[in-house]
Every structure is written in structure tokens, then in C-alpha cells.
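Working notes, structure below.
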Amino acid sequence: MHPKLELIAAACSNKGIGVKGDLPWRLKSEMAFFTRMTTETKDDNKKNAVIMGRKSWDSIPPNHRPLNNRLNVVLTRQDLDLGSEATVCKSLEEAVSLLTSPPFSEQIERLWVIGGSSIYEAALKSPFCHRVYLTDIMADFECDTFFPDMDLGKFELVEDPAVPDGIQEEKGIRFKYQVFQLKQDN
Ligand SMILES: NC(=O)c1ccc[n+]([C@@H]2O[C@H](COP(=O)([O-])OP(=O)(O)OC[C@H]3O[C@@H](n4cnc5c(N)ncnc54)[C@H](OP(=O)(O)O)[C@@H]3O)[C@@H](O)[C@H]2O)c1
């Protein structure tokens, strides 16, 4: 089967996604959305994989690591051993190849790419890129990490029944969930 990478990110007005190794905002409902989208599976016997860069892994508080009910995959160029907490891969290609081969291929439903910057960039360039779940945080935050440029001409907005419609609001911050799909995937 052709693997499909699905990116999920939240970015503010200047496309910022992070600051000082953390998220620039605290939005409980957006975090719950991330957890639900990356966790839910159609097949109860399967799990999803969450593929992340080593710095994103480091940014998760130790008591929340690994992200539960998901196979955590960490990309690093170092020789890291994260034991049973996470599977370590040296590239996105290696991760896709591993996850789409037995035994993982029988256990994993969706391949979520959860950041940060260079991992999103690699996924956007990958032949397996399929969708980008991008939350548009309609506010300005100081950021030092950014979502990469995305060629919007190659994508179209699609509906996903699992994604709430319209403008959301929390703590006076407005945001909306958007799903972009690569046009050739239709
Ligand atoms: N708003 C959002 O949706 C969102 C999502 C995720 C993260 N974030 C934020 O973003 C920041 C972290 O992201 P980041 O961009 O700084 O770092 P990152 O992408 O999470 O991690 C970068 C590290 O990943 C490894 N790496 C990168 N590209 C690789 C590749 N092609 N193959 C193998 N390994 C690779 C390298 O690890 P080594 O140095 O170990 O070799 C690199 O230093 C934090 O502030 C976090 O809170 C925000």
C-alpha cells in the first residue's frame, strides 16, 4: 500500500510553531484536538504512529512521554537509545520504510508527522505527503521556530468529519482547524 504521511501542526500569524523549546501558547482544546486526531483509529486493534524530531521529543514533559496509545518515533542523527519509550530512526525515509514493513505495517493505521520544522519540511517534500492538518492560530506570538513554506497551489482545502468547523476560541484567542490535501491524491 502507498504510505500516506499526515502532518499536524498549529501555527500563529507569522507561521510560528515554537519558542524556547516549547509551544508559544497553551490552548487546552487545541491540544485535545491534537491528541484525538493522532490517537483515534478505525481499527481497535491498531495504533497510529507519531513521528517527531528529537527536539520535539525533548519538549514533551517526561511525565507525558511517550505520547500514550501511539507508537512514538523519534528522528535523530545521533546514536540514541530511547528504550521501549520510542523507536529511533535516522531519517524520515527510514521511519516510513520501517512503519510500512512487517510487523509494524500490521499494527499501525496512520502515520502522523508531528514536527518540528525540519521534520515538517522533509514530510512536505516526501512523495508520501498526503495531508496537512494545520490549525491557524489567529494571533501574534513571539516564536523562534516556524512552519516551513508550503506551496498552497499544490494543495486544496478538504473536509474531514473529525475536524470541527468554523472559528474556535479559547482564552480570547481565535483559531481555526484546516485540512489541506495534495491535489494529485484525489
Ligand atoms: N505548534 C506545533 O504544532 C508544534 C509541533 C511540534 C513542535 N513544536 C515546537 O517546535 C520546537 C521543536 O521543533 P524544532 O524544529 O526546533 O526541532 P525538531 O524538528 O523537533 O527536532 C530537530 C532535531 O530532529 C533531528 N532531525 C531533524 N531532521 C532530521 C532528519 N531529516 N533526519 C533525522 N533526524 C532529523 C535532529 O536531531 P539531533 O540533533 O538529535 O540529530 C534535529 O536536531 C519546540 O518549540 C516545540 O514546542 C510545535
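Any value given below was found using the heavy atoms of this structure, including those in side chains, with hydrogens, waters and symmetry copies removed. One-based numbering, in listed order, for ligands and for the atoms of each. Note that this is a predicted model, so its numbers are computed, not measured.
- With Lys55, Lys20, Glu93, Glu94 as candidates, the residue nearest to atom 21 (O) of ligand 1 on a non-hydrogen basis is Lys55.
- Here Gln181 contributes atom CD and Glu6 contributes atom CD; the two are 9.0 Å apart, rounded to the nearest 0.5 Å.
- Counting heavy atoms closer than 4.0 Å to ligand 1, residue Phe146 contributes nothing at all.
- Protein non-hydrogen atoms do reach within 4.0 Å of atom 44 (C) of ligand 1.
- Taking every non-hydrogen atom of Asp22 and a distance limit under 4.0 Å, the qualifying atoms of ligand 1 come out as 44 (C), 45 (O), 47 (O).
- Annotation: Lys90, atom NZ; neighbour count of heavy atoms from other residues, nucleotides and ligands within 6.0 Å is above 12.
- Those atoms of ligand 1 that come under 4.0 Å of a heavy atom in Ala10, given as number and element, are 1 (N), 2 (C), 3 (O).
- Ranking the protein heavy atoms by distance from atom 27 (C) of ligand 1 puts Ser118 OG, 3.2 Å first.
- Taking a cut-off of under 4.0 Å to the non-hydrogen atoms of Ala9, the atoms of ligand 1 that pass are 3 (O).
- Shown in contact with Ser117 at under 4.0 Å from a heavy atom are these atoms of ligand 1, numbered in order with element: 15 (O), 19 (O).
- Nearest protein heavy-atom contact of atom 48 (C) of ligand 1 is Ile17 O, 3.0 Å.
- Taken to the nearest 0.5 Å, the CD atom of Glu121 stands 14.0 Å off from the CZ atom of Phe146.
- For the atom pair NZ of Lys176 and CG of Leu134, the computed distance is 10.0 Å after rounding to the nearest 0.5 Å.
- Taking a cut-off of under 4.0 Å to the non-hydrogen atoms of Ile119, the atoms of ligand 1 that pass are 19 (O), 26 (N), 27 (C), 28 (N), 29 (C).
- Aromatic ring orientation, Phe155 versus Phe180: perpendicular (interplanar angle above 60°, classes split at 30° and 60°).
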_Test side chain to side chain contact (heavy atoms under 4.5 Å, CB included) on Arg65 and Leu82; report intermediate values, then the result._
CA-CA 11 Å; Arg65 272 188 340 220; Leu82 297 174; over 6 Å; no
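- Not one N or O of Ile114 is nearer than 3.5 Å to an N or O of ligand 1, by distance alone.
- Backbone and side-chain nitrogen or oxygen atoms of Thr76 are examined, and one is located within less than 3.5 angstrom of a nitrogen or oxygen of ligand 1.
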For residues 8-28, dump all side-chain donor-acceptor pairs below 3.5 Å to protein atoms at least two apart in sequence or in another chain.
unit_1 : atom_1 : unit_2 : atom_2 : d
Ser13  : OG     : Ala139 : N      : 3.4
Ser13  : OG     : Ala139 : O      : 2.7
Ser13  : OG     : Asp140 : OD1    : 3.4
Asn14  : OD1    : Gly16  : N      : 3.0
Asp22  : OD1    : Arg26  : NH2    : 3.2
Asp22  : OD2    : Arg26  : NH2    : 3.3

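- Closest to atom 10 (O) of ligand 1 among all protein heavy atoms lies Thr145 CG2, 3.9 Å.
- No more than 12 heavy atoms of other residues, nucleotides or ligands sit less than 6.0 Å from atom CE of Met31.
- The protein atom (non-hydrogen) at minimum distance from atom 29 (C) of ligand 1 is Arg77 NH2, 3.4 Å.
- With hydrogens left out, the protein atom closest to atom 25 (C) of ligand 1 is Leu75 O, 3.2 Å, a heavy atom.
- Closest heavy-atom approach to atom 23 (C) of ligand 1 within the set Arg54, Glu30, Glu121, Met31: this belongs to Arg54.
- For ligand 1 and Leu23, the ligand atoms under 4.0 Å from any heavy atom of the residue are 1 (N), 2 (C), 4 (C), 47 (O), 48 (C).
- Among residues at least two apart or in separate chains, salt bridge (charged side-chain N to carboxylate O under 4.0 Å, His left out) pairs with a member in residues 41-55 are Arg54-Asp58.
- When only interatomic distances are considered, the shortest N/O to N/O separation between Ala122 and ligand 1 does not fall below 3.5 Å.
- The shell of residues lying under 4.0 angstrom from ligand 1, judged by heavy atoms, excludes Trp57.
- Between Thr87 atom OG1 and Leu71 atom CG the span is 4.5 Å, to the nearest 0.5 Å.
- Ligand 1 lies out of reach of Met52, whose nearest heavy atom is not under 4.0 Å from it.
- At least one heavy atom of Val19 sits closer than 4.0 Å to an atom of ligand 1.
- Looking at atom 12 (C) of ligand 1, its nearest protein heavy atom turns out to be Ser56 OG, 3.6 Å.
- With 3.5 Å as the limit, one finds a donor-acceptor pair spanning the side chains of Arg70 and Asn68.
- Test Asp149, Asp151, Leu7, Leu182 against Leu124 for side-chain contact (heavy atoms from CB on, under 4.5 Å) and you get one pass: Leu7.
- Annotation for ligand 1: atoms under 4.0 Å from non-hydrogen atoms of Lys90 are 32 (N), 33 (C).
- Interatomic distance, OH of Tyr120 versus OG1 of Thr145, reported as 11.0 Å (0.5 Å rounding).
- Rounding to the nearest 0.5 Å gives a distance of 10.5 Å between OG1 of Thr135 and CZ of Phe34.
- Under a 4.0 Å criterion applied to the non-hydrogen atoms of Gly116, ligand 1 contributes the atoms 13 (O), 15 (O), 18 (P), 19 (O), 20 (O).
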